[in-house]
Amino acid sequence: MLRHMHRSGVQPFRQRLLPWVQSIAVPRSNRVQPSAIRHVRSWSNIPFITVPLSRAHGKPFAHRSELKHAKRIVVKLGSAVVTRGDECGLALGRLASIVEQVSVLQNQGREMMLVTSGAVAFGKQRLRHEILLSQSVRQALHSGQNHLKEMAIPVLEARACAAAGQSGLMALYEAMFTQYSICAAQILVTNLDFHDEQKRRNLNGTLHELLRMNIVPIVNTNDAVVPPAEPNSDLQGVNVISVKDNDSLAARLAVEMKTDLLIVLSDVEGLFDSPPGSDDAKLIDIFYPGDQQSVTFGTKSRVGVGGMEAKVKAALWALQGGTSVVIANGTHPKVSGHVITDIVEGKKVGTFFSEVKPAGPTVEQQGEMARSGGRMLATLEPEQRAEIINHLADLLTDQREEILLANKKDLEEAEGRLASPLLKRLSLSTSKLNSLAIGLRQIAASSQESVGRVLRRTRIAKNLELEQVTVPIGVLLVIFESRPDCLPQVAALAIASGNGLLLKGGKEAAHSNRILHLLTQEALSIHGVKEAIQLVNTREEVEDLCRLDKIIDLIIPRGSSQLVRDIQKAAKGIPVMGHSEGICHMYVDSEASVDKVTRLVRDSKCEYPAACNALETLLIHRDLLRTPLFDQIIDMLRVEQVKIHAGPKFASYLTFSPSEVKSLRTEYGDLEVCIEVVDSVQEAIDHIHKYGSSHTDVIVTEN
């Protein structure tokens, strides 16, 4: 049984941990304060779930989204992650956060292993304290004075530091994992343990037995006795890798144990195409074998042995052995508290190593193409942009058979998986394509002054005027759900305003979106700006797209209110133009025209009930109850098979009422409507203000 660890359990842990750490030879001036481990996160921040995990080891995962299926995971903690900035002692808050994340994944049913540095730093802290204490005692005895002179600390040999620090490091891990009811076990290895067949089998058997018993193995090179690396034996094949640092150890361990995922945490965000910190350095999202020739490696981190080049070599070796690899930053205070769990959830963190190259460009490359194409689009004459939109309108009608065939595939694949309102939004028809074409021609006709229009002139001085002129925003990201007709509409608006465009549609409309995007690019090609509008077909998660603040200038979500809220929450430094729900009202006044009312109700509710401006609540003046007009409205709704929900006041007038509405603030998106009774136009307006979404509301009256 898994059980929740209450937040209150963290504070006693801190209280017990601090005296224990301070007792391990920490000078009084360097003692850790409670704030030093303030990054310990409560269980409530990471959901406690159990996930079904099963995967035959063989090939590494091809995409980040598959990492959530990883069963066996190795987490390698680099020296820069484990140690403090002064390289003398451990970063306790960071370690506590890492232990918590590992514990969460372990309790989900995964098999976690740690490869950790830190013994040398921990030992250096202990030995420095012992030397200072010893010198101070000798000085006091020889001088007879209480004050201490300047004391020089000798250079400490790394093997001695490792010997002094191993036991303390392991005791610290045990204390932390105990708080989550998890047992940890230490294993020290050297290169010889992998080259000696008997030792290798023993090591393999020990690790498998520990994992079987739900114990987290904590593995480290035995730095107290480790010999130098064997010459010319590094990375010569799947069966040979010299264990000369913890990077190579983690890779060797991952392949030996047939792990699904190796997470290498360092002090940089991942792998860059040039040394981090240089002006042109860009984080590489996905790294493929053979790409290392195009990468320039910088200097090593302030601590550690391997450096980024060693990490890449070890990662590629592990990838060749069937293990997926991610290199990420484990020191950044804003992300270190959830970096491991984010990686396992498939989020875009660090550099992901993959053997499968995508067929098309990456989303970053698509963003650059959209920016470049958008700038070219903005330089066109208004007549040229209008010509592109009109040509797209012609293509929608000329290629309708091909479009409807693609849409039919989407509908067949979505049958049984999507609710009825979403299926209606997904569906295209000849009449819908004709309406789209008409709408696009209207956009073309009104787009003449979209770009370059002078909004205001201000005379600053004689012969000096300041003008405010409309210009394109840049690159737009429009995310839309199961509505393929949204694609040409948004594309036409982007063309008219000279903006580059990234489109992310729902996978349920993949076939429809693909053909509509091809037609859009065909229209753009008549003036050489084909790349201005890009359709994101990769497995990019929406949350990852919302982090591309260097590429995207504005995000426009088109879909449910939940989608809008999710996008607004996920956007990192990018403005979001959101919208509310489509809870649309129609108030039928006592002086309404009989002929108008039934036609308006039928059109607004039954013509396209899945539209965001479809009627959801019908407000009826009390005087119209039990009149021929009211009967006509009810009869028409029954003929159209509209399900009626009664509002509280309407239900009180009826002996046998329809199902009473659960909420007056409901967007049905289907052949359903709420009917409510009001006493006056003012009451109707008050009702709309209270329950509506300020989208589309109507008053029907001859007054």
Is the shortest side-chain N to carboxylate O distance from Glu364 to Lys348 below 4.0 Å?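 The answer is yes: the pair qualifies as a salt bridge.
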Checking [X] now: which residues fulfil side-chain contact (heavy atoms from CB on, under 4.5 Å) with it, not counting sequence neighbours?
X: Arg201; result: Glu197, Gln198
X: Glu174; result: Met170
X: Val99; result: Ser103, Tyr173, Met176, Phe177, Tyr180
X: Ala510; result: Arg514

Flag side-chain contact, heavy atom, 4.5 Å: [X] against [Y]:
X: Cys546; Y: Ile574; answer: no
X: Val312; Y: Leu271; answer: yes
X: Leu203; Y: Lys199; answer: no
X: Asn329; Y: Val339; answer: no
X: Asp285; Y: Arg64; answer: yes
X: Ile182; Y: Asn107; answer: yes
X: Leu253; Y: Leu262; answer: no
X: Val363; Y: Ile551; answer: no

With sequence neighbours left out, what residues match [X] under salt bridge (Lys or Arg N to Asp or Glu O under 4.0 Å)?
X: Arg547; result: Glu543, Asp544
X: Glu415; result: none
X: Asp566; result: none
X: Glu209; result: Arg212

With sequence neighbours excluded, residues passing side chain to side chain donor-acceptor pair (under 3.5 Å) with [X]:
X: Asn204; answer: His208
X: Asp549; answer: none
X: Gln186; answer: Gln166
X: Gln568; answer: none

Shortest non-hydrogen separation from [X] to [Y] and the atoms involved:
X: Ile555; Y: Ala571; value: CD1-CB, 4.1 Å
X: Ala251; Y: Trp317; value: O-CZ3, 3.4 Å
X: Leu319; Y: Pro289; value: CD2-CG, 3.9 Å
X: Thr331; Y: Asp267; value: OG1-CA, 3.7 Å
X: Ala318; Y: Val255; value: CA-CG2, 3.7 Å
X: Pro557; Y: Ile567; value: CB-CG1, 3.9 Å

Can you spot which of Val189, Val74, Leu114 makes a side-chain contact (heavy atoms from CB on, under 4.5 Å) with Val219?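 Per the side-chain contact (heavy atoms from CB on, under 4.5 Å) rule, the option paired with Val219 is Val189, out of Val189, Val74, Leu114.
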Given Ile263, which partner from the list Val325, Val344, Leu67 fulfils the side-chain contact (heavy atoms from CB on, under 4.5 Å) test?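 Testing Ile263 for a side-chain contact (heavy atoms from CB on, under 4.5 Å) against Val325, Val344, Leu67 leaves exactly one candidate, Val344.
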Rounded distance (nearest 0.5 Å) linking atom [atom1] of [X] with atom [atom2] of [Y]:
X: Leu211; Y: Arg72; atom1: CG; atom2: CZ; result: 5.0 Å
X: Gln106; Y: Met113; atom1: CD; atom2: CE; result: 10.0 Å
X: Ile340; Y: Met112; atom1: CD1; atom2: CE; result: 6.5 Å
X: Thr116; Y: Lys76; atom1: OG1; atom2: NZ; result: 9.0 Å
X: Thr323; Y: Phe61; atom1: OG1; atom2: CZ; result: 9.5 Å
X: Glu111; Y: Lys71; atom1: CD; atom2: NZ; result: 4.5 Å

Verify side-chain contact (heavy atoms from CB on, under 4.5 Å) between Val82 and Ile98, making sure each step is shown before the conclusion. CA-CA 10 Å; Val82 176; Ile98 288 169; over 6 Å; no
Could you check Lys282 against Lys550 for side-chain contact (heavy atoms from CB on, under 4.5 Å), going step by step and ending with a plain yes or no? CA-CA 11 Å; Lys282 290 183 180 179; Lys550 299 286 194 304; over 6 Å; no
Could you please spell out the steps behind the side-chain contact (heavy atoms from CB on, under 4.5 Å) verdict for Glu256 and Leu207? CA-CA 10 Å; Glu256 287 283 341; Leu207 288 169; over 6 Å; no
Stepwise, does the side-chain contact (heavy atoms from CB on, under 4.5 Å) test hold for Arg252 with Arg200? CA-CA 11 Å; Arg252 183 66 184 257; Arg200 183 177 164 188; 4.1 Å; yes
Between Glu508 and Ser482, is there a donor-acceptor pair closer than 3.5 Å when you use the side chain of the first and the backbone of the second?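 Between the backbone of Ser482 and the side chain of Glu508 there is a qualifying donor-acceptor contact (under 3.5 Å).
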Quick one: does any side-chain atom of Ser266 pair with a main-chain N or O of Gly78 as donor and acceptor, under 3.5 Å?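 Judged by distance alone, no pair lies under 3.5 Å.
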